[in-house]
Every structure is written in structure tokens, then in C-alpha cells.
Amino acid sequence: MSHPTPPPLARAGLIAAAVVVLQALLVTWFVWPAANLEPRDLPVVVAGPAPAAAAVADQLDRARPGAFEVTTVADA
């Protein structure tokens with residue numbers, strides 16, 4: 001005794017539904033990392049006189065706290 005096969009239209013509907021679900025999962029997996037995309041501890045070197053370099057470092061820290069790891073040096 002053989003198993004009854006579903007009609008072609010039902011099979012096509014199941015395949016289409018599976019493809020849509022798979023595409024939705026793939027889009028979610030690729031979009032998820034972009035939701036939290038921002039710089040974290042990005043190394044930046046500021047060269048110049050101490051007061052000016054400190055002012056630039058403070059501005060970067062105020063603009064984006066935790067985004068930059070600022071190192072100040074006297075000259076290149």
C-alpha cells in the first residue's frame with residue numbers, strides 16, 4: 001500500500017512557505033549585528049602640545065564615551 005502524495009499545488013505552497021521562512025531568518029541574522037554597530041575602544045593618537053592634545057582627547061570622550069582609546073603624544 002503506497003502513501004498518498006499531496007497534490008502539486010499543496011506541495012508548491014509548502015515549499016514557498018519554507019523558502020519565505022528561511023529568507024526571514026537569513027535577513028534577521030544579517031541585520032542583527034548592524035543594530036549594535038558603533039566604535040568601541042578604537043585606538044586614536046593625538047599629537048601636539050599637551051593642553052591642545054588633552055582638549056581634543058576630552059572632546060572625543062565627551063562626544064562618544066567609551067568609543068575611543070585616546071593616547072596623547074608630544075609630536076609625531
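The first residue of the sequence shown is numbered 1, and numbering continues consecutively from there. These figures come from a predicted structure and were not determined experimentally.
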Which other residues end up in the same hydrophobic cluster as V44, if Ile, Leu, Val, Met, Phe, Trp and Tyr are linked when side-chain heavy atoms come under 4.5 Å apart?
L42, V46, V56, L60, F68, V70
Going by side-chain contact (heavy atoms from CB on, under 4.5 Å), name the residues that satisfy it together with E38, two or more places apart in sequence or in a different chain.
R40, R64
All heavy atoms of T72 vs all of A54, minimum pair found to be CG2-N, 4.5 Å
Under the side-chain contact (heavy atoms from CB on, under 4.5 Å) test, which residues partner W32, sequence neighbours left out?
T28
If you look at every heavy atom in G48 and A53, which pair is closest and at what distance?
O-CB, 4.2 Å
Check side-chain contact (heavy atoms from CB on, under 4.5 Å) between A12 and all other residues, then give those that pass, not counting sequence neighbours.
none
So does L9 have more than 12 non-hydrogen atoms from other groups sitting under 6.0 Å from CG?
no
Using a 4.5 Å side-chain heavy-atom cut-off and chaining through intermediate ILVMFWY residues, the residues clustered with V45 come out as V73
Same cluster or not: are L22 and W29 linked, directly or through other Ile, Leu, Val, Met, Phe, Trp or Tyr residues, by side-chain heavy atoms under 4.5 angstrom apart?
yes
Not counting sequence neighbours, which residues clear side-chain contact (heavy atoms from CB on, under 4.5 Å) with R11? List them please.
T5, P6, I15
